[in-house]
Amino acid sequence: MERSKRQKQRKVLLMGRSGAGKSSMRSIIFSNYVAKDVRRLGATVDVEHSNIRFMGNLMLNLWDCGGQDSFVESYLSNQRSHVFTSVAVMIFVFDISSREAAADMLSFASTIRALYEFSPSSKIFVLIHKMDLVPADQKARVFQQKAIDVRTTCEDEGFQSQQVDFWATSIWDQSLYKAWTQVIYFLVPNASAIEDMLRRLANLLDARELILYERTTCLVVTHITRDAEQRNPYNDRFERISSILKTHKHSMAKHTGTMASEVSFAELQIKTGDFMFFITRLTENTNLAVVMPSDEASFNAARVNVQLARREFSHLDIVEKKGKDAQRQVKDALALEEVKMADDGEASSSGRASDR
């Protein structure tokens, strides 16, 4: 049992020099802070450990490492093996407005050298942070140049280019959610099984798009996009919804006197002449957003079918624990559910015809 528990944990290092914004982004993503409130956060002392449960079956063992020079020196010397062993993901944050860019790069090079020594197969997410401080007409150039410099350093230390991803971020817009969504997607152990089930459900509902959100953080786990929706020009729409949901939670917390992390909602609906949208609970730990054609009957049927599908999606934990056999069982169960839904739909249509 203890072995199984360890297998579900993923060690994540959050590193960067002091003042880069590490603790601020962690507090916004996992502690339901809003951007204007992070100014009151103090500097991280040594390492702050957080065990964060995500989607019920994934435990993020997050190490927020203080960036003061004395702490970094300790990580790289007497704590070296303790800090850098068994790392699944390292998130390194660069302050793009830093006046010590050369020192930042030296610190990064020393850090990934230690990472390669103890966890050479780990994934590195480089967040080039505080991009809101860069003039709009210079953002693309500044980001690309920084990414080139960092990638060269990574390759010099032994990491392959596919092991390193780059994201421009700011706490003042949805770019922070977009970057952390990619981190979470990499860590979720059964993402392909979830996507397969969502694809079946999307076909059944004839939905344009399904987006799966983790309930507490409002981060996107994955999504399925179909038909004309693939040409949607708003590439940041998923993260915008994350931001809206977080704001809504804070508003509800303010008016109910509860903690933002404890706030939930039954369902949110939007209906327009071009599309219909609803977001509702799918499992204990997730919400599902559904984008539909503007048809009232299809919309109502989709809401019912999502409720019927909850039982099958609740078995996602089993997929990770028992492997392919359990995954096959879940697929078979969902297939049976499709048949049942189809039969129910035919019966309902016959009943309405008889009434008329």
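Excluded from the calculations below are hydrogen atoms, water molecules and symmetry mates; all remaining heavy atoms, backbone and side chain alike, are included.
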Peer 1: Would you say Q160's side chain and Q162's backbone share a donor-acceptor pair under 3.5 angstrom?
Peer 2: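 No; judged by distance alone, with no hydrogens or angles, the pair does not exist.
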Peer 1: Are T216 and F30 close enough that some pair of their side-chain heavy atoms sits under 4.5 Å apart?
Peer 2: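 A side-chain contact under 4.5 Å is absent here.
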Peer 1: For a quick check under 3.5 Å, do T153 and D149 share a side-chain donor-acceptor pair by atom type?
Peer 2: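 D149 and T153 do not have a side-chain donor-acceptor pair below 3.5 Å.
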Peer 1: Does a side-chain heavy-atom distance below 4.5 Å link L201 with F313?
Peer 2: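 With C-beta onward as the side chain, the pair touches.
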Peer 1: I'd like to know if the side chain of R80 and the backbone of L76 have a donor-acceptor N/O pair within less than 3.5 Å.
Peer 2: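 Yes, the answer is positive, given that a donor and an acceptor are paired below the 3.5 Å cut-off.
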Peer 1: Give a yes or no on whether the ring-centroid distance for Y185 and W180 is below 6.0 angstrom.
Peer 2: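 That pair fails the under 6.0 Å test.
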Peer 1: For a 4.5 angstrom cut-off between non-hydrogen side-chain atoms, does D227 reach E229?
Peer 2: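 With C-beta onward as the side chain, the pair stays apart.
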Peer 1: Any side-chain to backbone donor/acceptor pair from R237 onto Y234? Under 3.5 Å, distance only.
Peer 2: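 Pair found, side chain donor or acceptor close to backbone of Y234.
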Peer 1: For S119 and L115, indicate whether the former's side chain and the latter's backbone hold a donor-acceptor pair under 3.5 Å.
Peer 2: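 Side chain of S119 to backbone of L115: no pair is present.
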Peer 1: Determine yes or no for a side-chain-to-main-chain donor-acceptor pair under 3.5 angstrom, with S107 supplying the side chain and A103 the backbone.
Peer 2: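 Checking the backbone N and O of A103 against the side chain of S107, no donor-acceptor pair under 3.5 Å is found.
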Peer 1: Taking everything shown except E73 itself, do over 12 heavy atoms lie less than 6.0 Å from its CD?
Peer 2: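 Atom CD in E73 is not crowded, with 12 or fewer foreign heavy atoms closer than 6.0 Å.
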Peer 1: Is the positively charged end of K123 above the ring of F125, judged by distance under 6.0 angstrom from the centroid and angle within 45° of the axis?
Peer 2: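 That pair qualifies as a cation-pi contact.
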Peer 1: For a quick test of your reading: what N or O donor-acceptor pairs under 3.5 Å do the side chains of residues 266-280 make, sequence neighbours left out?
Peer 2:
residue	atom	partner	partner atom	Å
E267	OE2	Q269	NE2	2.6
E267	OE2	R303	NE	2.6
E267	OE2	R303	NH2	3.2
K271	NZ	E296	OE2	2.8
T272	OG1	D274	N	3.1
T272	OG1	F275	N	3.0
T272	OG1	F275	O	2.9
T280	OG1	A266	O	3.3
T280	OG1	R310	NH2	3.1

Peer 1: State whether the side chain of D206 and the backbone N or O of A202 hold a donor-acceptor pair below 3.5 Å, judged by distance alone.
Peer 2: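 Looks like no, no N/O pair under 3.5 Å.
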Peer 1: When rounded to the nearest 0.5 angstrom, what distance separates SG in C218 from CD in E239?
Peer 2: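 Between atom SG of C218 and atom CD of E239 there are 12.5 Å.
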Peer 1: Give the cluster check for Y177 versus F186: same hydrophobic cluster or not, with ILVMFWY residues linked at side-chain heavy-atom distances below 4.5 Å.
Peer 2: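 Looking at the clustering, F186 is in the same group as Y177.
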Peer 1: Considering residues at least two apart in sequence or located in another chain, which fulfil the side-chain contact (heavy atoms from CB on, under 4.5 Å) criterion with A207?
Peer 2: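 A207: side-chain contact (heavy atoms from CB on, under 4.5 Å) contacts with L205, L210, V290, M292.
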Peer 1: Got a salt bridge between E284 and R215, using NZ or NE/NH1/NH2 to carboxylate O under 4.0 Å?
Peer 2: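 Between R215 and E284 there is no salt bridge, as every charged N stays at least 4.0 Å from the carboxylate O atoms.
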Peer 1: Would you say N232 and R208 are linked by a side-chain donor-acceptor pair, where the criterion is simply a distance under 3.5 Å?
Peer 2: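 No - no donor-acceptor pair under 3.5 Å links their side chains.
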Peer 1: Would you check, one step at a time, whether the test side-chain contact (heavy atoms from CB on, under 4.5 Å) holds for F71 with C65?
Peer 2: CA-CA 8 Å; F71 295 145; C65 302; over 6 Å; no
Peer 1: Just do the side-chain hydrogen bond (donor to acceptor under 3.5 Å, both in side chains) check on N78 and S74 with the steps written out, would you?
Peer 2: CA-CA 6 Å; N78 58 305; S74 177; 3.2 Å; yes
Peer 1: Of all the heavy-atom pairs spanning D132 and K139, show the shortest one and how long it is.
Peer 2: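 For D132 and K139, the tightest heavy-atom pair comes out as CA-NZ, 4.2 Å.
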Peer 1: Do D165 and Q182 have side-chain heavy atoms sitting under 4.5 Å apart?
Peer 2: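 Sidechains of Q182 and D165: no contact.
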Peer 1: Should the heavy atoms of other residues, nucleotides or ligands under 6.0 Å from CZ of F166 be counted, would the total exceed 12?
Peer 2: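 Enclosed.
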Peer 1: For F94 and H129, I'd like to know if the aromatic rings sit close, meaning centre-to-centre distance below 6.0 Å.
Peer 2: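 Ring centres of H129 and F94 not closer than 6.0 Å.
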Peer 1: Do T225 and Q230 have a side chain donor and acceptor closer than 3.5 Å?
Peer 2: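 Side chains of T225 and Q230: no pair found under 3.5 Å.
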Peer 1: I need the single residue from R99, K146, R17 that forms a salt bridge (Lys or Arg N to Asp or Glu O under 4.0 Å) with D104. Which is it?
Peer 2: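 The single option meeting the salt bridge (Lys or Arg N to Asp or Glu O under 4.0 Å) with D104 is R17.
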Peer 1: Relative to W63, does K11 satisfy both conditions: NZ or CZ under 6.0 angstrom from the six-membered ring centre, and within 45 degrees of the ring's axis?
Peer 2: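 Here K11 passes the 6.0 Å and 45° test against W63.
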Peer 1: Could you tell me which non-hydrogen atom of Y213 sits nearest to which non-hydrogen atom of S242, and how far apart they are?
Peer 2: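 Distance-wise, the nearest heavy atoms are CE2-OG, 3.3 Å.
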Peer 1: Side chains of F159 and I112, heavy atoms from C-beta outward: is any pair under 4.5 Å?
Peer 2: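 SC-SC contact between F159 and I112 confirmed.
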Peer 1: Identify, with sequence neighbours excluded, every residue that meets ring pair (Phe, Tyr, Trp, His ring centres under 6.0 Å) alongside F84.
Peer 2: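 None.
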Peer 1: Which atoms form the tightest heavy-atom contact between F108 and C154, and what is the distance?
Peer 2: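 Scanning both residues completely, I find the closest heavy atoms to be CZ-SG, 3.5 Å.
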Peer 1: Are the side chain of D95 and the backbone of S97 linked by a donor-acceptor contact shorter than 3.5 Å?
Peer 2: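 It does hold such a pair.
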Peer 1: With a 4.5 Å cut-off on side-chain heavy-atom distances among I, L, V, M, F, W and Y, is there a chain of contacts connecting I29 to W172?
Peer 2: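 Hydrophobic grouping puts I29 with W172.
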Peer 1: Would you name the heavy atoms of K22 and G16 that are closest together and state the gap between them?
Peer 2: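 What the structure gives for the nearest pair is NZ-O, 3.0 Å.
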Peer 1: For the atom pair CD1 (I194) and NE2 (H223), what is the distance rounded to the nearest 0.5 Å?
Peer 2: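 Answer for the CD1-NE2 pair, I194 versus H223, is 13.5 Å.
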Peer 1: Where do P120 and Q163 come nearest, in terms of heavy atoms and distance?
Peer 2: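 Distance-wise, the nearest heavy atoms are O-NE2, 2.9 Å.
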Peer 1: Got a second to check how far R199's CZ is from L204's CG, nearest 0.5 Å?
Peer 2: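 If I round to the nearest 0.5 Å, the distance is 14.5 Å.
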Peer 1: Working to the nearest 0.5 angstrom, can you tell me the gap between H248 NE2 and I241 CD1?
Peer 2: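 H248 NE2 to I241 CD1: 13.5 Å, rounded to 0.5 Å.
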Peer 1: Is any side-chain heavy atom of K130 closer than 4.5 Å to one of T169?
Peer 2: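 Of all side-chain heavy-atom pairs linking K130 with T169, none is under 4.5 Å.
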Peer 1: Would you say the side chain of D64 lies within less than 4.5 Å of the side chain of L13, judging by non-hydrogen atoms?
Peer 2: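 No. Closest side-chain heavy atoms not under 4.5 Å.
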Peer 1: Given the rule in the side-chain contact (heavy atoms from CB on, under 4.5 Å) test, do Q145 and V142 qualify, once you have shown the distances and angles that lead to the verdict?
Peer 2: CA-CA 5 Å; Q145 185 57 56; V142 169; over 6 Å; no
Peer 1: Tell me yes or no: between the side chains of T283 and N285, is some donor less than 3.5 Å from an acceptor?
Peer 2: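 Checked: T283/N285 side chains show no N/O donor-acceptor pair below 3.5 Å.
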Peer 1: How many angstroms lie between CG in D156 and CZ in R151, if you round to the nearest 0.5 Å?
Peer 2: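 The CZ atom of R151 is 12.5 Å from CG of D156, to the nearest 0.5 Å.
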Peer 1: For the residue pair L288 and I211, establish whether any side-chain heavy-atom pair is separated by less than 4.5 Å.
Peer 2: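 Counting from C-beta outward, L288 and I211 never come under 4.5 Å.
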Peer 1: Could you tell me which non-hydrogen atom of L176 sits nearest to which non-hydrogen atom of S170, and how far apart they are?
Peer 2: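 Distance-wise, the nearest heavy atoms are CB-O, 3.5 Å.
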Peer 1: Nearest 0.5 Å, please: how far is CG in N287 from CG in L212?
Peer 2: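 Taking CG in L212 and CG in N287, the distance rounds to 8.5 Å.
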Peer 1: Determine, stepwise, if the pair M15 / F92 fulfils side-chain contact (heavy atoms from CB on, under 4.5 Å).
Peer 2: CA-CA 5 Å; M15 307 194 79; F92 198 96; 3.9 Å; yes
Peer 1: Looking just at side-chain N and O atoms, do T222 and E195 make a donor-acceptor pair shorter than 3.5 Å?
Peer 2: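 Yes, because at least one side-chain N or O of T222 sits under 3.5 Å from a partner of the opposite role on E195.
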